[in-house]
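If you're wondering where the values come from, they're calculated on a predicted model, not measured in any experiment.
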Amino acid sequence: MKNLSPGYPGILGFVALSPILFTGILGLGGGCALTQKQSADARLFPPHPEFPPEHRFSLDDLVLLSVHRNASLDVARYEAEAAQGLVDQVKALWLPQLRFDFAAIAYDNNLNYEARAFDLATLNVPITGTYNFVNSLAFSQILYTGGKRTSGLKQAKMYAEIKRLDVLRQQDAVAFDVANYYHLVCFTNEVDAILEDAVRRLRVFRQVAENLTQRGSLRSSNVDRLQADYFIAQLEQFRVLVQAGRQQAYEALKHFVGVSRDEPLSLKVASLPPALTATEMISAYNEVVEGFSQRPEAKQLDLFTEIRREQVKFAKVAWNPNVVILGSYLDSQGSNNTILGAIDGLLASLIVDVPIYDAGRLGKLREALGFENASLAFQRQFEELITLQIEVTAIDTQKALATEMKAARARAAAMEHYDATRQAYSRELLPASAVATAIGLDMLAKIQHAQSLYAYHDARARLKRVTADREAQYGY
């Protein structure tokens, strides 16, 4: 998905309207703000689930654990928390600002100037003494902005909601990665078990063939023993590759769950679960309808479009006047501060800022309108892409389910063929090489079925990802 983080030229331009107005924020209602922050932290960072050290994890346990321990989710949560800080900054524009300054000034000599009185005498008038203490207090309050504060707050809230939904989007992605690598670990484990069983049966076949050859039986020959040795060597090489792939998938699973390298992660079941029955109907239309209501990306895009629309309003009200009240108090104390002492006291002023001419005004409005139209076009494009993605994935899941059912029948046929070949060999109707061929066919059928079952679970996980189908509630 494209980056939906919008820029805020309107908000930032308004905040930078007057450095005097926005140099500091007066923190009011500290207890209420702390309570709100604690509830937000609990929402962003839910409590960590507790599992005993000897616990064996199911797929649901792994997904739940990854929600709390995956590092990328922590990044998304902290970014959402930072976006909420932007909302707090804009809300502070409705509050008064109070600033206190203290300065201690010392000079190595008095600062005087010569004044000639009535052109008769020259006097040394002291400006300040050798030391001065200056205390100042400044107060400012925005009274009216013509709608700029309200528009900026709406944009900031929508942006914070986009970042909050981004946590959910990242959770869906992490859950898919965990499911994918979990199924890959189970698949490679099953393939390794199938290869181990095939090697065991080939070793038995080799021993039988060697014994028959030594006794001079015509039912077997040295060729059968050599053929078994060749198959065993090939399968052992294949097992090394499968075991290495299983270890790689296991390490990737630990990474996405958020488990450290030294921390053990025991699985409750290390085999692929059976596929769902054919009674499960996967309708592309239903998946599209449900997917649109669940996908956080679609909600993010709606909010992004609303932000662009609000930025157009901001550009239109940018020329409304601003009314601000300012107040300051200055107190200077020191030695011989004749001049500085005269400026002590309270100063209050009311500022009305009325924009009169700005050559770039129409350009800013045109820019905002262009971004709004672009966001609407992008929204239509993204909805079409979501529809296409869900439809293609639903069809792919249907295909994977049909393929798994065919592979299951092929596996049953290969097993029946192996049993029939053994019986025929025991009645001396087939040569020994037929048994080796039957073992190989049975092994290939089992591997192909495991592969089709893994493809189905992978497609099913992708369908859950693109439709945001969450069986367990977590995070938001």
Donor-acceptor check, side chain of Tyr250 to backbone of Leu265, threshold 3.5 angstrom: yes or no? yes
Student check: side-chain heavy atoms of Lys254 and Glu251 closer than 4.5 Å: yes
Quick one, Ile439 and Tyr418 - any side-chain contact, counting heavy atoms below 4.5 Å? yes
Would you call Arg465 and Glu297 a salt bridge, taking side-chain N to carboxylate O under 4.0 Å as the test? yes
Is the shortest side-chain heavy-atom distance between Tyr456 and Thr397 below 4.5 Å? yes
Taking Arg309 first and then Glu306, would you say they form a salt bridge - that is, a charged N and a carboxylate O separated by under 4.0 Å? yes
Under-4.0 Å salt bridge between Glu263 and Arg69: yes
Given Asp224 and Leu212, is the side-chain contact (heavy atoms from CB on, under 4.5 Å) satisfied, shown in steps? CA-CA 10 Å; Asp224 298 325; Leu212 291 175; over 6 Å; no
Can you find a side-chain donor-acceptor pair between Asn70 and Ser72 that sits under 3.5 Å? yes
Considering all heavy atoms, the nearest Ala410-Ala445 contact: O-CB, 4.0 Å
Check for a donor-acceptor pair, side chain of Gln300 on one end and backbone N or O of Ile162 on the other, with a separation under 3.5 Å. yes
Nearest heavy-atom pair of Lys364 and Ala315: which atoms, and what distance? O-CB, 4.4 Å
Donor-acceptor check, side chain of Arg149 to backbone of Leu93, threshold 3.5 angstrom: yes or no? yes
Phe378 ring centre to Arg308 NZ or CZ under 6.0 Å, with the angle to the axis within 45°? no
Find out whether Leu241 and Gln237 are in side-chain contact, i.e. whether some heavy atom of one side chain is under 4.5 Å from a heavy atom of the other. no
Ion pair Arg200/Glu196, N-O distance below 4.0 Å: no
Treating Thr393 as the side-chain partner and Ile390 as the backbone partner, does any N or O pair qualify as donor plus acceptor under 3.5 Å? no
Side chains of Arg295 and Gln389: donor-acceptor distance under 3.5 Å anywhere? yes
In sequence, state the C-alpha distance, the side-chain angles, and the governing distance for Glu236 and Val240, and then conclude on side-chain contact (heavy atoms from CB on, under 4.5 Å). CA-CA 6 Å; Glu236 286 178 344; Val240 172; 5.9 Å; no
Working note: Glu384 + Arg380, criterion salt bridge (Lys or Arg N to Asp or Glu O under 4.0 Å); need CA distance, chi angles, decisive distance, verdict. CA-CA 6 Å; Glu384 294 174 357; Arg380 293 194 303 270; over 6 Å; no
Does any part of the side chain of Leu267, heavy atoms only, come nearer than 4.5 Å to the side chain of Leu62, both counted from C-beta? yes
CG of Asp396 to CG of Leu463: how many Å apart, nearest 0.5 Å? 9.5 Å
Reported CD1-to-CZ distance for the pair Ile447 and Arg411, which is rounded to 0.5 angstrom: 11.0 Å
dist Arg215:CZ -> Glu210:CD (nearest 0.5 Å) comes out at 11.5 Å
Taking the side chain as every heavy atom from C-beta outward, state whether Thr421 and Thr437 have any atom pair closer than 4.5 Å. no
Which pair of heavy atoms, one from Asp192 and one from Arg239, lies closest together, and at what distance? OD1-NE, 2.9 Å
Spell out, as yes or no, whether a donor-acceptor pair under 3.5 Å connects the side chain of Asn189 to the backbone of Ala270. yes
Assess whether atom CD of Gln234 is packed by more than 12 heavy atoms of other residues, nucleotides or ligands within 6.0 Å. yes
Polar side-chain atom of Ser452 near backbone of His449 as donor-acceptor pair, under 3.5 Å: yes
Asp458 side chain reached by Leu184 side chain, heavy atoms, under 4.5 Å: no
Applying side-chain contact (heavy atoms from CB on, under 4.5 Å) to Asp61 and Lys268, what does each step give before you reach the verdict? CA-CA 10 Å; Asp61 294 337; Lys268 184 177 181 180; 5.9 Å; no
What's the shortest heavy-atom distance between Leu59 and Ala179, and which atoms? CD1-CA, 3.8 Å
Under 3.5 Å: donor-acceptor pair, side chain of Ser66, backbone of Val63: yes
Report the C-alpha distance between Val257 and Tyr181 in whole Å, list the side-chain angles of each, state the deciding distance to 0.1 Å, and finish with yes or no for side-chain contact (heavy atoms from CB on, under 4.5 Å). CA-CA 10 Å; Val257 172; Tyr181 284 106; over 6 Å; no
What's the verdict on salt bridge (Lys or Arg N to Asp or Glu O under 4.0 Å) for Asp172 and Arg169, showing C-alpha distance, side-chain angles and the deciding distance? CA-CA 5 Å; Asp172 291 341; Arg169 180 192 64 81; over 6 Å; no
For atom CZ of Phe238, is the number of surrounding heavy atoms from other residues, nucleotides or ligands below 6.0 Å larger than 12? no
Does a side-chain heavy-atom distance below 4.5 Å link Val167 with Tyr78? no
Intermediate values then yes/no, side chain to side chain donor-acceptor pair (under 3.5 Å), Thr305 and Asp302: CA-CA 5 Å; Thr305 305; Asp302 292 339; 5.5 Å; no
Could you tell me which non-hydrogen atom of Ala275 sits nearest to which non-hydrogen atom of Leu453, and how far apart they are? N-CD1, 3.6 Å
Indicate the atoms forming the closest heavy-atom contact of His457 with Leu272, along with that distance. CD2-CD2, 4.3 Å
Side chains of Gln247 and Gln243, donor plus acceptor under 3.5 Å: no
Could you measure the distance from the CD atom of Gln227 to the CZ atom of Phe231? Nearest 0.5 Å is fine. 4.5 Å
Could you give the distance from CG (Leu153) to CE (Met158), rounded to the nearest 0.5 Å? 9.5 Å
Considering only NZ, NE, NH1 and NH2 on the basic side and carboxylate oxygens on the acidic side, decide whether Arg422 and Asp419 come within less than 4.0 Å. no
Salt bridge Asp442-Arg201, side-chain N to carboxylate O under 4.0 Å: yes
To the nearest 0.5 Å, tell me how far Gln155 CD sits from Leu86 CG. 9.5 Å
Report the relative orientation of the aromatic rings in Phe57 and Phe51; use parallel for angles under 30°, tilted for 30 to 60°, perpendicular for over 60°. perpendicular
Short N-O contact, Arg164 and Glu161, less than 4.0 angstrom: yes
